[in-house]
There are 2 protein chains.
Amino acid sequence: MDRLPFTYKEFLSKQTITLEEICRGLVKTNRDRINIKKEERAVQNLHRIVQAVLSLSQTKGFSAMSLRDLSQETDLSMGALYNYFNSKEELFQMIYTQGRTSVFDTLEANAVASDPELRLQQSICAHLYLSEALPRVFSFFFMEARNLPAQLQKNIISLEQLTEGFFEEILQEGKKKKQFALEDTQLTASAIKALLQDWYLKRYKFSTRRLNVEKYASFVIDFVGANLK
Amino acid sequence: MDRLPFTYKEFLSKQTITLEEICRGLVKTNRDRINIKKEERAVQNLHRIVQAVLSLSQTKGFSAMSLRDLSQETDLSMGALYNYFNSKEELFQMIYTQGRTSVFDTLEANAVASDPELRLQQSICAHLYLSEALPRVFSFFFMEARNLPAQLQKNIISLEQLTEGFFEEILQEGKKKKQFALEDTQLTASAIKALLQDWYLKRYKFSTRRLNVEKYASFVIDFVGANLK
DNA sequence: GTCTATAGTGCGATAGAC
DNA sequence: GTCTATCGCACTATAGAC
């Protein structure tokens with residue numbers, strides 16, 4: 001195995017990847033809907049709310065999560081909650097949309113090499129590291145996508161298709177430059193995505209094994225690499 | 001690419017893989033809970049019920065599906081529905097448990113070769129073909145697993161872990177016989193499972209491309225095979 | 001800005017007619 | 001065996017006190 005383009009620690013030090021930071025963005029883009037004057041207070045409480053939503057969604061799903069559950073988990077009354085959003089559905093869409101933006105921006109910022117092979121490795125690492133830092137955000141996207149209104153589902157290209165297109169582009173360039181020998185770039189991109197998804201959808205599985213995100217990144221790079229030669 | 005061990009058509013002709021057949025098993029194993037005397041009537045109506053459950057679960061999730069939805073979709077009244085199960089939760093568990101049994105039996109029956117390489121190919125094909133025949137059953141297992149009561153989640157080894165163990169066993173034997181050159185059998189088995197899962201979790205993606213289940217099976221076998229040499 | 005209390009709705013489940 | 005009608009409850013959302 002070649003060396004990884006960057007370690008998890010290096011990745012984290014390059015940018016601020018926390019749920020709190022995402023919530024800060026969330027407050028800024030939804031300033032009009034949130035009836036709280038002091039921005040910092042809004043950020044802190046929304047952080048608690050979003051944490052609770054992600055946690056409860058993981059165990060019972062967003063639609064089965066009641067606002068009473070949310071109230072209990074956040075120690076905010078139902079009345080108080082409604083100062084941070086106007087409906088349960090709006091809360092869902094706020095989290096979904098903001099998360100999508102934050103995640104994709106980070107992915108783009110970390111896959112910058114011009115050499116396709118290196119760029120592919122950077123993308124794989126960035127995706128795995130990001131999902132390692134925010135696992136519940138990623139599984140929320142995946143598991144709750146069906147709760148998006150039909151309009152949003154059509155208009156917004158899902159995060160998944162975005163990242164898959166991202167990988168395909170790299171593969172196509174590598175193929176053009178004769179660096180990669182592969183038949184179907186679309187299928188290969190899809191396979192890469194499936195391997196990355198496994199990391200955050202099956203955390204319970206990997207957590208019991210002696211395996212960290214860097215080892216898994218090496219594995220994926222090798223596993224994919226064997227098909228490009 | 002080598003020839004596939006068997007085609008989709010051959011696979012289907014070897015055994016009866018339909019939702020109706022699963023429902024027949026469901027009636028037989030839950031004869032005491034179902035208040036319908038004529039078995040065939042019970043099978044037919046449960047078939048409609050299960051179809052509706054899978055369909056509604058796919059669009060909005062099982063917990064968001066109301067029994068009024070189910071009543072409308074099946075053209076059975078709420079009162080009639082309760083002759084086929086005693087509670088919404090029981091309905092869920094009946095489907096889950098029966099489906100798991102049927103699926104695993106079929107997988108085992110179709111991966112019988114003693115040669116590890118052929119057996120691996122048979123397993124991949126059987127899994128893909130089975131999920132092609134019953135896509136909604138498979139995605140139901142995956143998406144709704146969290147609705148299982150904690151007891152069942154602990155006691156029952158999930159379908160997923162079962163199949164993954166299945167693949168790992170084959171890989172280990174191939175490694176022992178020096179037919180496969182691979183480092184980590186557990187990680188490789190996990191990767192295979194991820195690629196198979198993609199087929200039924202992302203049907204919308206593949207359906208728009210000129211791709212059938214046999215072509216995908218060839219792709220997976222090659223993709224995995226490149227890592228065993 | 002957060003609380004309690006409650007309005008209004010839709011849920012799972014059941015009883016009793018046919 | 002299936003229907004209609006309805007019970008009691010938990011839900012989302014809001015109004016008004018503090």
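Order of the sequence lines fixes the chain letters, A, B, ..., with proteins taken first and strands second; residue numbering starts at 1 for each chain.
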Salt bridge (charged side-chain N to carboxylate O under 4.0 Å, His left out) between B/K215 and B/E132, worked out | CA-CA 12 Å; B/K215 281 184 191 163; B/E132 172 74 6; over 6 Å; no
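Interatomic distance, B/D198 CG to A/Q197 CD, rounded to the nearest 0.5 Å: 6.5 Å.
Under a 3.5 Å cut-off, the side chain of B/E214 and the backbone N or O of B/T7 do not form any donor-acceptor pair.
Each of B/N35, B/T74, B/N45 was scored for a side chain to side chain donor-acceptor pair (under 3.5 Å) with B/Y84, with one residue passing: B/N45.
Using a 30° and 60° split on the angle between ring planes, B/F11 and B/Y8 fall in the parallel class, below 30°.
Using a 4.0 Å heavy-atom distance criterion, B/D69 is classed as making no nucleic acid contact. B/R68 comes within 4.0 angstrom of a nucleotide base, judged by non-hydrogen atoms across all strands.
Using modelled atom types and a 3.5 Å distance limit, the side chains of A/T106 and A/Q15 yield no donor-acceptor pair.
Of the residues in residues 77-95 of chain B, those lying under 4.0 Å from DNA chain D by heavy-atom distance are B/S77, B/G79, B/A80, B/N83, B/Y84.
A salt bridge links B/R24 with B/E40: at least one charged nitrogen is closer than 4.0 Å to a carboxylate oxygen.
Here chain B contacts DNA chain C (any atom closer than 4.0 Å to a heavy atom, that is under 4.0 Å), and the contacts span C/dC11 to C/dT14 from 5' to 3'.
Stacking of A/K88 on the aromatic ring of A/F62 is recorded, both the 6.0 Å distance cut-off and the 45° axial limit being met.
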